[in-house]
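Comments concern the structure below.
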2 protein chains.
Amino acid sequence: MDKILDIDNIDLKIISLLNEDAKTPYTEIAKKVFVSSGTVHVRMKKLEDMGIVKSATLNIDFSKLGYDISAFLGIYLEKSSLYDTVIERLKEIAEVVSAYYTTGNYSIFAKIICRDTNHLRLVLDKIQKVDGIDRTETLIVLEESINRPIQFFDKEK
Amino acid sequence: MDKILDIDNIDLKIISLLNEDAKTPYTEIAKKVFVSSGTVHVRMKKLEDMGIVKSATLNIDFSKLGYDISAFLGIYLEKSSLYDTVIERLKEIAEVVSAYYTTGNYSIFAKIICRDTNHLRLVLDKIQKVDGIDRTETLIVLEESINRPIQFFDKEK
DNA sequence: CAATTAAATTAGATTTAATCTAAATAGTGT
DNA sequence: ACACTATTTAGATTAAATCTAATTTAATTG
């Protein structure tokens with residue numbers, strides 16, 4: 001009775017394999033899943049049409065590109081009703097890569113990526129100047145120990 | 001004097017374009033960057049060899065796959081020297097998608113993705129039972145308002 | 001500053017994959 | 001069992017990836 005029922009193990013297997021390497025040819029996926037490559041196409045088209053697979057992106061080592069510091073920000077708003085307008089302001093700041101509405105003390109929980117400590121300071125300044133933001137707490141990332149996709153295994157029938 | 005100097009604007013442009021859609025054919029990238037597709041190949045090979053481009057992954061809407069709840073966890077350890085061993089335990093828990101060593105009060109900051117509140121409870125239980133973990137704080141994600149790659153523009157020469 | 005060498009880029013040929021179509025197969029409900 | 005629908009498949013066509021050799025560009029040195 002759930003839209004999830006439109007998705008079977010073949011779909012999940014295809015997603016899992018492509019999620020490890022999105023550039024794997026469909027012909028190769030087809031062999032591993034024991035269907036024809038046409039079926040892989042049809043299934044992927046379905047998954048894209050359903051909005052389950054939204055896009056494919058590169059996994060980039062930003063530190064090697066000179067973006068050496070990332071940080072999580074706990075943002076406190078003056079009034080929680082300001083959430084939407086503050087999010088719009090944050091969208092305009094290129095260094096903000098994600099922002100969430102979460103339970104807990106913070107009004108907004110965000111992540112930013114910066115080149116160095118100086119750049120970080122500039123970005124924090126910019127964020128603290130946004131109207132409606134009261135104050136922020138910064139968790140600077142010193143090490144990324146895990147970063148991987150979910151793995152869903154074959155759920156037995 | 002920096003490894004970053006091996007990377008020019010052509011590389012950055014290629015990365016930017018492919019980061020929006022990793023499945024864009026190199027021939028199309030080539031046109032937009034005004035080089036031949038062979039050059040795009042060579043550059044991407046270089047970027048992969050340098051470890052800057054690590055892989056390509058799908059951007060999946062997990063909620064549509066039945067994974068409806070994600071949460072950030074602030075984890076307190078009994079002793080901070082236990083970091084490495086606890087990370088190894090967390091790696092064994094499939095629902096843990098990322099974990100960081102950060103400044104601030106938490107010893108480990110992690111993210112998990114679960115199907116529903118019941119599944120979340122199971123996973124939190126499992127995590128709280130890991131040897132060395134003192135207690136955890138949970139920030140449940142109620143809305144993802146921003147989630148995007150960094151955009152680096154052409155840094156003028 | 002010309003000549004030599006090295007590096008990067010390119011066009012073109014070949015291999016491989018994506019995509020499309022029509023036929024075959026498997027499911028569904030009556 | 002029959003008709004209807006949806007899914008899968010093989011095969012053909014189109015398009016892209018990959019490789020190679022040649023050219024162009026840039027860098028280096030006498």
Side-chain angles (χ1 to χ4, degrees), chain A residues 1-61 64-66 149 152 154-157, chain B residues 1-61 64-66 149 152 154-157:
Chain A
M1 336 285 105
D2 219 340
K3 58 195 151 202
I4 298 149
L5 290 192
D6 294 340
I7 305 302
D8 63 12
N9 280 332
I10 292 175
D11 295 310
L12 288 181
K13 204 82 199 290
I14 291 170
I15 291 178
S16 288
L17 289 168
L18 283 173
N19 206 22
E20 279 169 32
D21 179 4
K23 301 216 79 180
T24 313
Y26 287 2
T27 49
E28 200 176 311
I29 302 291
K31 274 183 228 155
K32 291 184 179 165
V33 185
F34 302 108
V35 294
S36 73
S37 71
T39 299
V40 177
H41 271 275
V42 171
R43 297 300 190 100
M44 279 302 290
K45 176 131 198 346
K46 178 187 76 176
L47 290 166
E48 285 163 7
D49 290 346
M50 289 174 82
I52 290 173
V53 171
K54 290 184 282 188
S55 64
T57 78
L58 300 182
N59 184 1
I60 294 167
D61 185 333
K64 290 198 176 134
L65 275 178
F152 11 61
D154 276 69
K155 309 177 179 141
E156 64 297 35
K157 190 8 146 338
Chain B
M1 336 287 108
D2 220 341
K3 57 196 154 203
I4 298 149
L5 292 191
D6 294 341
I7 304 302
D8 63 11
N9 280 333
I10 292 175
D11 294 311
L12 287 181
K13 204 83 198 289
I14 291 171
I15 290 178
S16 289
L17 290 168
L18 283 174
N19 206 24
E20 279 170 33
D21 179 3
K23 301 218 78 180
T24 314
Y26 287 2
T27 49
E28 200 176 310
I29 302 291
K31 274 183 227 154
K32 290 185 180 164
V33 185
F34 301 108
V35 293
S36 73
S37 70
T39 299
V40 177
H41 271 274
V42 171
R43 297 301 189 102
M44 279 302 289
K45 176 130 197 345
K46 177 187 76 176
L47 291 165
E48 284 163 9
D49 289 346
M50 290 174 80
I52 290 172
V53 173
K54 290 184 283 188
S55 63
T57 75
L58 299 181
N59 184 1
I60 294 167
D61 186 334
K64 290 196 175 139
L65 276 179
F152 12 60
D154 275 69
K155 309 177 178 145
E156 64 297 34
K157 191 10 147 339

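First the proteins, then the strands, lettered A, B, ... as listed; each starts at 1.
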> Do Asp21(B) and Thr57(A) have side chains that get closer than 4.5 Å, going by heavy atoms?
Replying inline: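 Asp21(B) vs Thr57(A): side chains apart.
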>> Quick one, Leu47(B) and Ile7(B) - any side-chain contact, counting heavy atoms below 4.5 Å?
In response: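 Yes - at least one pair of side-chain heavy atoms lies under 4.5 Å apart.
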Is it the case that over 12 heavy atoms from other parts of the model lie below 6.0 angstrom from the [atom1] atom of [X]?
| X | atom1 | result |
| --- | --- | --- |
| Lys54(B) | NZ | yes |
| Lys31(A) | NZ | no |
| Lys46(B) | NZ | yes |

> Would Arg43(B) and Asp8(B) satisfy salt bridge (Lys or Arg N to Asp or Glu O under 4.0 Å), going step by step from the backbone distance to the final call?
Replying inline: CA-CA 10 Å; Arg43(B) 297 301 189 102; Asp8(B) 63 11; 2.8 Å; yes
Atom [atom1] of [X] to atom [atom2] of [N]: distance rounded to whole Å?
| X | N | atom1 | atom2 | value |
| --- | --- | --- | --- | --- |
| His41(B) | dT20(D) | NE2 | C1' | 14 Å |
| Lys23(A) | dT16(C) | NZ | P | 17 Å |
| Leu18(A) | dA18(C) | CG | C1' | 13 Å |
| Tyr26(B) | dA11(C) | OH | P | 19 Å |

> If you check the Ser36(A) side chain, which of dT9(D), dT18(D), dA18(C) turns out closest?
Replying inline: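 Looking only at heavy atoms from C-beta outward on Ser36(A), the closest nucleotide is dT9(D).
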> So how far off straight is the helix from dC1(C)-dG30(D) to dT30(C)-dA1(D), going by the axes through five pairs at either end, to 10°?
Replying inline: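 It comes to 40° between the two terminal axes.
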>> By nearest heavy atom, map Gly38(A) and Glu28(A) onto DNA chain C; which one lands nearer the 5' end?
In response: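 Mapping each residue to its closest nucleotide by heavy atoms, the 5'-most match is Glu28(A).
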> Starting at the 5' end of DNA chain D and moving along, which residue's nearest nucleotide shows up first, Val35(A) or Thr24(B)?
Replying inline: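 Comparing both residues, the 5'-ward one is Val35(A).
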>> Check the phosphate of dT9(D) against Thr39(A), side-chain N and O only, distance under 4.0 Å to OP1 or OP2. Yes or no?
In response: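 Result: yes.
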>> So, OP1 or OP2 of dA8(C): does either fall under 4.0 Å of a side-chain N or O from Arg43(B)?
In response: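 For dA8(C), OP1/OP2 do not have a side-chain N/O of Arg43(B) under 4.0 Å.
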